[in-house]
Chemist: 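Here's a structure for you.
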Amino acid sequence: SGTLVIIDGQSGELIVDPDPETLTEYQVRQKAREKTRSREIAEAQRPAVTLDGHQVEVVANIGSVAEAEQAIKMGAEGVGLLRTEFLFLQGDTLPSEDEQYQIYRAIADVFQQLPLIVRTLDVGGDKDIPSIDLAPEQNPMLGERAIRLCLARPEIFQTQLRAILRAGDERNVKIMFPLIGSEDELQQALGQLEQAKADLRARNLPHAETPDVGIMIEVPSAAVLADILAPLVDFFSIGTNDLAQYTLAVDRTNETVAHLADPLHPAVIRLIHQVIEAAHRHDKWVGLCGEMAGDPQAAALLLGLGLDAVSYTHLTLPTMRLRCRSRWSPYH
């Protein structure tokens, strides 16, 4: 109690009772960081154009209306990932179509005509929802989760799809399916989307008729089949957390092996490169919304591979926008 400590959030180091020299060093570093942060915030609205003229779309990962409002202030050019799970965590019953519509529409209104990518329900695995009775599984990360769960429970899927489509009326709302692993799964999801549109037409409710549709590339089979899947969608978004986990056979929630789930592993980088090349051959764009995008050195590599958009937590946006406009260095 009362002992001075320094927490270095960059290196993960905890220094207990630092000597005067160390304390002075960190105070200097802290002031330098505050100065840099002030510059990042002041320039948050400037376009993220690299020194060689490559325009990077910098968008936000969000999970609420409040985060949407903060993202705009931090320079977001839209939303690369709206996590819809937050709506399903707010009670013991599933949110209705109207409840979901009201929230999605409120977020869409914050961004007006900027793109808003809404990921359909991604639960199961390491994410449990009280209102959805999920059977215990020996290996839930390989079980009934994300799009698999939605296709198995179309009543939940249809309710959400109708709400998203309604929220997209006169707004730039895009729909993204998570954990797609095959062409058949994608075709089933697209079929469900058409059914939701038909139901809304029958009810004479305004909705987006032709929203852009994309998939998350998180399963190695989807990365390998990217050239087959690209003609069926409008965009890809690479989820590097799961892609690394599944490619390297590492449970990223297991602290004894989590360090092996390295998104910079050559095998993961090759898959990412393969996905980007396949998408561009079909004139489709590719974003990335995994934690890898927030690593400055990884971000430089990704941009070099031709990535079109990067999606960050709203607090990181000003930092990465400035980095995109700067000369990259190992010392950043």
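We count residues from 1, following the sequence as given.
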Chemist: Please walk me through it: do Thr50 and Asp52 pass side-chain hydrogen bond (donor to acceptor under 3.5 Å, both in side chains)?
Modeler: CA-CA 5 Å; Thr50 63; Asp52 61 352; 2.4 Å; yes

Chemist: Near Ile7 CD1, under 6.0 Å, is it more than 12 heavy atoms from other residues, nucleotides or ligands?
Modeler: no

Chemist: Can you tell me if Gln113 uses its side chain to pair, donor with acceptor, with the backbone of Glu170 under 3.5 Å?
Modeler: yes

Chemist: Considering non-hydrogen atoms only, spot the tightest contact between Ile269 and Met292 and give its length.
Modeler: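 Of all heavy-atom pairs spanning Ile269 and Met292, the closest is CD1-CE, 3.5 Å.
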
Chemist: Where do Gln192 and Ile147 land on the side-chain contact (heavy atoms from CB on, under 4.5 Å) test, with the steps shown first?
Modeler: CA-CA 11 Å; Gln192 289 287 326; Ile147 196 64; over 6 Å; no

Chemist: Answer with yes or no whether the hydrophobic clustering places Ile164 together with Leu193; edges join I, L, V, M, F, W, Y residues whose side-chain heavy atoms lie under 4.5 Å apart.
Modeler: yes

Chemist: Is it true that the side chains of Ser64 and Arg83 contain a donor and an acceptor less than 3.5 Å apart?
Modeler: no

Chemist: Taking NZ, NE, NH1 and NH2 as the nitrogens, is one of them in Arg29 or Glu25 under 4.0 Å from a carboxylate oxygen of the other?
Modeler: yes

Chemist: To the nearest 0.5 Å, tell me how far Arg153 CZ sits from Thr159 OG1.
Modeler: 13.0 Å

Chemist: Leu81 and Val233: same hydrophobic cluster, using ILVMFWY side-chain contacts below 4.5 Å?
Modeler: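 Per the 4.5 Å side-chain linkage, Leu81 and Val233 are not co-clustered.
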
Chemist: Return the CD1 to OG distance between Ile238 and Ser311, rounded to the nearest 0.5 Å.
Modeler: 12.5 Å

Chemist: Does atom CZ (Arg37) have a neighbourhood of more than 12 heavy atoms from anything else shown, all under 6.0 Å?
Modeler: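 Yes, the 6.0 Å shell around CZ holds more than 12 heavy atoms from other groups.
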
Chemist: Are Leu288 and Val286 close enough, and set up right, to give a side-chain contact (heavy atoms from CB on, under 4.5 Å), and what steps lead you there?
Modeler: CA-CA 7 Å; Leu288 187 143; Val286 186; over 6 Å; no

Chemist: Between CG of Asp308 and CD of Gln55, what distance do you get to the nearest 0.5 Å?
Modeler: 11.0 Å

Chemist: Indicate whether the side chain of Gln245 and that of Asn241 have a donor and an acceptor atom separated by less than 3.5 Å.
Modeler: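 Judged by distance alone, the side chains do not pair up.
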
Chemist: Look at the side-chain heavy atoms of Ile, Leu, Val, Met, Phe, Trp and Tyr, link any pair under 4.5 Å apart, and say whether Val173 and Tyr101 land in one connected group.
Modeler: no

Chemist: Do we see a donor-acceptor contact under 3.5 Å between the side chains of Gln100 and Tyr104?
Modeler: yes

Chemist: Hey, is CD on Glu34 packed in by over 12 heavy atoms from elsewhere, all under 6.0 Å?
Modeler: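 Enclosed: over 12 neighbouring heavy atoms sit under 6.0 Å from CD of Glu34.
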
Chemist: How close do Glu218 and Tyr246 get, heavy atom to heavy atom, and via which atoms?
Modeler: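 Here Glu218 and Tyr246 meet closest at O-CD1, 3.4 Å.
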
Chemist: Take atom CD in Glu155; do more than 12 heavy atoms of anything else shown fall under 6.0 Å from it?
Modeler: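 Counting neighbours around CD of Glu155, more than 12 heavy atoms of other residues, nucleotides or ligands fall under 6.0 Å, so yes.
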
Chemist: Considering the options Val110, Ile103, Asp109, which one meets the side chain to side chain contact (heavy atoms under 4.5 Å, CB included) requirement together with Ile107?
Modeler: Ile103

Chemist: Once you round to the nearest 0.5 Å, how far does CG of Leu232 lie from CD of Gln187?
Modeler: 5.0 Å

Chemist: Assigning hydrophobic clusters by single linkage (Ile, Leu, Val, Met, Phe, Trp, Tyr; side-chain heavy-atom cutoff under 4.5 Å), is Ile217 placed with Trp285?
Modeler: no

Chemist: Are Thr3 and Asp17 linked by a side-chain donor-acceptor pair shorter than 3.5 Å?
Modeler: no

Chemist: Pair Arg166, Leu205 - check side-chain contact (heavy atoms from CB on, under 4.5 Å), show working.
Modeler: CA-CA 7 Å; Arg166 290 173 59 192; Leu205 287 175; 4.1 Å; yes

Chemist: Would you say Thr313 and Thr316 are linked by a side-chain donor-acceptor pair, where the criterion is simply a distance under 3.5 Å?
Modeler: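 Indeed, the side chains of Thr316 and Thr313 share at least one donor-acceptor pair under 3.5 Å.
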
Chemist: Ile180 versus Met216: any side-chain heavy-atom pair under 4.5 Å?
Modeler: no

Chemist: Just by modelled atom types, is the Asp169 backbone N or O under 3.5 Å from a matching donor or acceptor in the Arg105 side chain?
Modeler: yes

Chemist: Indicate whether any N or O donor in one side chain lies under 3.5 Å from an N or O acceptor in the other, for Asp98 and Gln102.
Modeler: no

Chemist: How long is the gap from CG on Leu186 to CD1 on Ile215, to the nearest 0.5 Å?
Modeler: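 It is 5.5 Å, given to the nearest 0.5 Å.
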
Chemist: Check the angle between the aromatic planes of Phe177 and Phe157 and answer parallel, tilted or perpendicular using the 30° and 60° thresholds.
Modeler: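 Perpendicular, since the angle between the ring planes exceeds 60°.
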
Chemist: Measure the spacing between CD of Glu77 and CG of Leu114 and express it to the nearest 0.5 Å.
Modeler: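 Interatomic distance, Glu77 CD to Leu114 CG, rounded to 0.5 Å: 8.0 Å.
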
Chemist: Let's go through Glu85 and Arg119 carefully: what are the C-alpha distance in whole Å and the side-chain angles of both, what is the deciding distance for side-chain contact (heavy atoms from CB on, under 4.5 Å) to 0.1 Å, and is it a yes or a no?
Modeler: CA-CA 9 Å; Glu85 295 77 55; Arg119 182 179 68 185; 3.0 Å; yes

Chemist: More than 12 foreign heavy atoms under 6.0 Å from CZ of Arg201: is that the case here?
Modeler: yes

